[in-house]
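Quantities reported herein were computed from a predicted structural model and do not represent experimental measurements. Residue numbering restarts at 1 for every chain, and letters A, B, ... go by the order of the sequence lines.
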Protein chains: 2
Amino acid sequence: MDFVSIIEAIKARRKSLKVTQNALSDLSGVALGALKKFESGKGNPTLSTLKKLCDALGLEITLNVKKTINP
Amino acid sequence: MDFVSIIEAIKARRKSLKVTQNALSDLSGVALGALKKFESGKGNPTLSTLKKLCDALGLEITLNVKKTINP
DNA sequence: TTAAAAAGAACGTTATAATGGACTTTGTAT
DNA sequence: ATACAAAGTCCATTATAACGTTCTTTTTAA
């Protein structure tokens, strides 16, 4: 998989809030194992898991029409 | 779950492109069953499934810091 | 430089998403 | 009204995410 930019967004936001993986796990209700796996690029979370993380971090998920020319 | 706005974004985009669920299933490689379940609000897709749909529809997934006051 | 904290890896078990198929309901156009 | 297409529902099987725990590696601070 490559959700690199999404993973990076989560990690960057978490760090900017100075929250550890353990703390985010508690705050979000997502199991520590699932969070670690996801942040280390080895996961494929369900939308509900991603949303729990985003909610805890004050992030919103949006879908936008791509304007860029077809990569 | 309530991914209402995400579901609506997918459906709206699909319809604006005049693509049927069957066609989107073919285009994206996501099984018809999974797509139907998701669009009817009964699913919890993995990120890879959501991304396949977005890719096929020319949508990108972005995470933004919420500016709104804590719902 | 070393002790503690944080992040990553590896497990077995349980829950559930993905798939493919058959069938039903709704929408659309003739 | 009626035929066809599209959307929705249900089912069994397979694949895999979520969870909890333990252990290892890396980072950070004293």
For the pair Thr46(A) and Thr46(B), evaluate side chain to side chain donor-acceptor pair (under 3.5 Å) and give the outcome as yes or no after the intermediate values.
CA-CA 4 Å; Thr46(A) 59; Thr46(B) 60; over 6 Å; no
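Considering all non-hydrogen atoms of both residues, Ser48(A) and Asn44(B) come closest at N-OD1, 2.9 Å. The minimum heavy-atom distance between Ile61(B) and Leu63(A), with the atom names listed, is CG1-CD2, 3.6 Å.
Look at Arg14(B) and you won't find any side-chain N or O under 4.0 angstrom from OP1 or OP2 of dA6(D). Remark: Ser40(B) is in phosphate contact with dT9(D), judged by side-chain N or O atoms under 4.0 Å from OP1 or OP2.
We find the OG-NZ distance between Ser28(B) and Lys51(B) to be 12.0 Å, quoted to the nearest 0.5 Å. The line from CD1 of Ile6(B) to CG of Leu50(B) is 6.5 Å long, rounded to the nearest 0.5 Å.
You'll find the side chain of Leu59(A) stays beyond 4.5 Å of the side chain of Asn64(B), heavy atoms only. Within the 4.5 Å cutoff, the side chain of Leu57(A) has no heavy atoms near those of the Val65(B) side chain. Using a 4.5 Å cut-off on side-chain heavy atoms (C-beta onward), Leu24(B) and Lys52(B) make no contact.
One atom, NZ of Lys15(A), and another, C1' of dT28(D), lie 12 Å apart when rounded to the nearest Å. Following rounding to the nearest Å, Glu39(B) (CD) and dT25(C) (P) show an atom-to-atom distance of 21 Å. Rounded to whole Å, atom C1' of dA18(C) lies 15 Å from atom CG of Leu47(B). In this structure, CZ of Phe38(B) is placed 12 Å from P of dG8(D), rounded to the nearest angstrom. Ile10(A) has its CD1 atom 14 Å from the P atom of dA7(C), to the nearest Å. In this entry the distance linking CD of Gln21(B) with P of dT9(D) reads 10 Å, nearest Å. Lys11(A) places its NZ atom 13 Å from the C1' atom of dA6(C), with the value rounded to the nearest Å. To the nearest angstrom, C1' of dA7(D) lies 10 Å from CG of Leu35(B).
Checking dA7(C), dG8(C), dA6(D) against every side-chain atom of Thr20(A), the shortest atom distance belongs to dA7(C). Distances were taken from every side-chain heavy atom of Lys42(A) (C-beta onward) to each of dA9(C), dA7(C), dG8(D); the shortest belongs to dA9(C).
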Which atoms of nucleotides 18-25 of chain D (N or O only) lie under 3.5 Å from a protein N or O atom, and what are those distances?
| residue | atom | partner | partner atom | Å |
| --- | --- | --- | --- | --- |
| dA18(D) | OP1 | Thr46(A) | N | 3.0 |
| dA18(D) | OP1 | Thr46(A) | OG1 | 3.4 |
| dA18(D) | OP1 | Thr49(A) | OG1 | 2.6 |
| dC19(D) | OP2 | Ala31(A) | N | 2.8 |

In a table with atom names and distances, give each donor-acceptor pair under 3.5 Å that connects a side chain of residues 32-41 of chain A to protein atoms at least two apart or in another chain.
| residue | atom | partner | partner atom | Å |
| --- | --- | --- | --- | --- |
| Lys36(A) | NZ | Gln21(A) | OE1 | 3.2 |
| Glu39(A) | OE1 | Arg14(A) | NE | 3.4 |
| Glu39(A) | OE1 | Arg14(A) | NH2 | 2.8 |
| Glu39(A) | OE1 | Gln21(A) | NE2 | 3.1 |
| Glu39(A) | OE2 | Arg14(A) | NE | 2.7 |
| Ser40(A) | OG | Lys36(A) | O | 2.9 |
| Ser40(A) | OG | Lys37(A) | O | 3.1 |

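Taking the C1' atoms of five terminal pairs at each end of the helix from dT1(C)-dA30(D) to dT30(C)-dA1(D), the two resulting helix axes are inclined by 70°, rounded to 10°.
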